Amino acid sequence: MTLSAIEANDLKQAPAVEGVLPAVRSRWSARSFADREVDSATLAKVFEAARWTASAYNEQPWRFIVGLRNSDTFNKIFQSLIGFNQAWAGKAPVLILGAASTKFSHNGKPNAYALYDLGAAASYLTLQAASLGLTTHQMAGYDQAAARAALGIPEEYALGSVIALGYQGEPAALGHEQLIAMETSPRERKPLSELVLSAWGEPANLA
Ligand SMILES: Cc1cc2nc3c(=O)[nH]c(=O)nc-3n(C[C@H](O)[C@H](O)[C@H](O)COP(=O)(O)O)c2cc1C
């Protein structure tokens, strides 16, 4: 007997801390997706949130290639995934590949913050998705060269993660012991004392 989707979702919530955004608490990376499409108006809201991310020189270097299941784009992104990710991500209704322009448009010089900004936009996307009741799961486990070639992405764009997006499904539907165990185990984080410093090696006193 494994946990139901509702029980797994409860278990995965971050502890409630007053004043922290609800979507920060509720976002987690599911691997089981329900057999339910995401309508285009909902999808537009997810990308609208990403659009308003801050970026160096307001370059907005991110581009998101979105593929709906059974589309050519979805299949190309899916084919580039490593086997471990193919084992579960094919049931997601949407696969997204993030790319970032590595040159500033105002002067053609390298933008060392392109991937940083893409990552920030991906965070907005995942939080907006969580607040709409969707789950997202980012993946670095894919063949960048294969994805770039299949999708015709120019060399001056750096690639970020593939993001699976959809509605959470039943853990048991993953059909594989290891995946079900990951789907039903608690999330872990380092303590703030390790992450936030008042000087190098000294935890900031935030209490
Ligand atoms: C850039 C990035 C790459 C990731 N790559 C993979 C991946 O290839 N396969 C996978 O199953 N999970 C992948 N993950 C998911 C992480 O393992 C997950 O976010 C982490 O364990 C924290 O769990 P949470 O998102 O539920 O809080 C990736 C996450 C990020 C942000």
Side-chain angles (χ1 to χ4, degrees), residues 2-3 5-17 20-34 46 49-50 53 61-65 67 74 76-100 113-148 153 157-171 173-192 194-195:
T2 186
L3 299 184
I6 290 170
E7 288 166 338
N9 187 48
D10 284 348
L11 177 83
K12 295 282 188 179
Q13 304 293 296
V17 176
V20 173
L21 292 172
V24 170
R25 181 171 186 229
S26 65
R27 185 215 61 80
W28 62 278
S29 303
R31 292 188 177 84
S32 182
F33 290 90
V46 168
T53 307
W62 48 79
R63 301 291 181 271
F64 293 105
I65 302 182
F74 182 101
K76 284 173 177 169
I77 298 173
F78 179 78
Q79 286 306 325
S80 75
L81 298 177
I82 60 168
F84 174 79
N85 288 330
Q86 284 194 347
W88 55 268
K91 290 201 175 142
V94 185
L95 288 178
I96 300 161
L97 174 61
Y113 287 85
L115 274 179
Y116 180 95
D117 291 344
L118 170 62
S123 280
Y124 273 44
L125 186 158
T126 60
L127 290 175
Q128 180 63 46
S131 101
L132 292 167
L134 291 155
T135 191
T136 50
H137 199 124
Q138 299 194 61
M139 288 167 268
Y142 72 100
D143 182 334
Q144 288 206 356
R148 183 185 291 285
I153 302 171
Y157 282 77
L159 299 186
S161 64
V162 170
I163 307 173
L165 178 145
Y167 295 95
Q168 188 207 346
E170 292 297 327
L174 286 164
H176 187 289
E177 207 177 313
Q178 183 199 1
L179 291 175
I180 294 170
M182 292 163 94
E183 195 79 345
T184 55
S185 59
R187 293 161 67 223
E188 288 173 5
R189 286 300 188 268
K190 293 172 180 166
L192 275 184
E194 188 176 338
L195 303 172

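Just so you know, these numbers come straight off a predicted model, no measurement behind them. Ligands are counted one by one from 1 in listed order, and the atoms in each one are counted from 1 as well.
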| said: Within a 6.0 Å radius of atom CZ on F64, are there more than 12 heavy atoms belonging to other residues, nucleotides or ligands? | reply: yes
| field | Greater than 12 external heavy atoms within 6.0 Å of I6's CD1 | value | no
| said: R25: which residues meet the side-chain contact (heavy atoms from CB on, under 4.5 Å) condition with it, sequence neighbours left out? | reply: Q13, A14, A16
| Listed by chain and number, what are the side-chain contact (heavy atoms from CB on, under 4.5 Å) partners of F84, not counting sequence neighbours? | R31, I82, W88, Q178, L179, M182
| Atom pair CG/OH of L134 and Y167 - distance to nearest 0.5 Å | 4.5 Å
| Heavy atoms under 4.0 Å from ligand 1: which residues qualify? | R27, W28, S29, R31, F84, N85, W88, H137, Q138, M139, A140, G141, R187, R189
| By ring-ring contact (aromatic ring centres under 6.0 Å, His included), which residues pair with F78, not counting sequence neighbours? | none
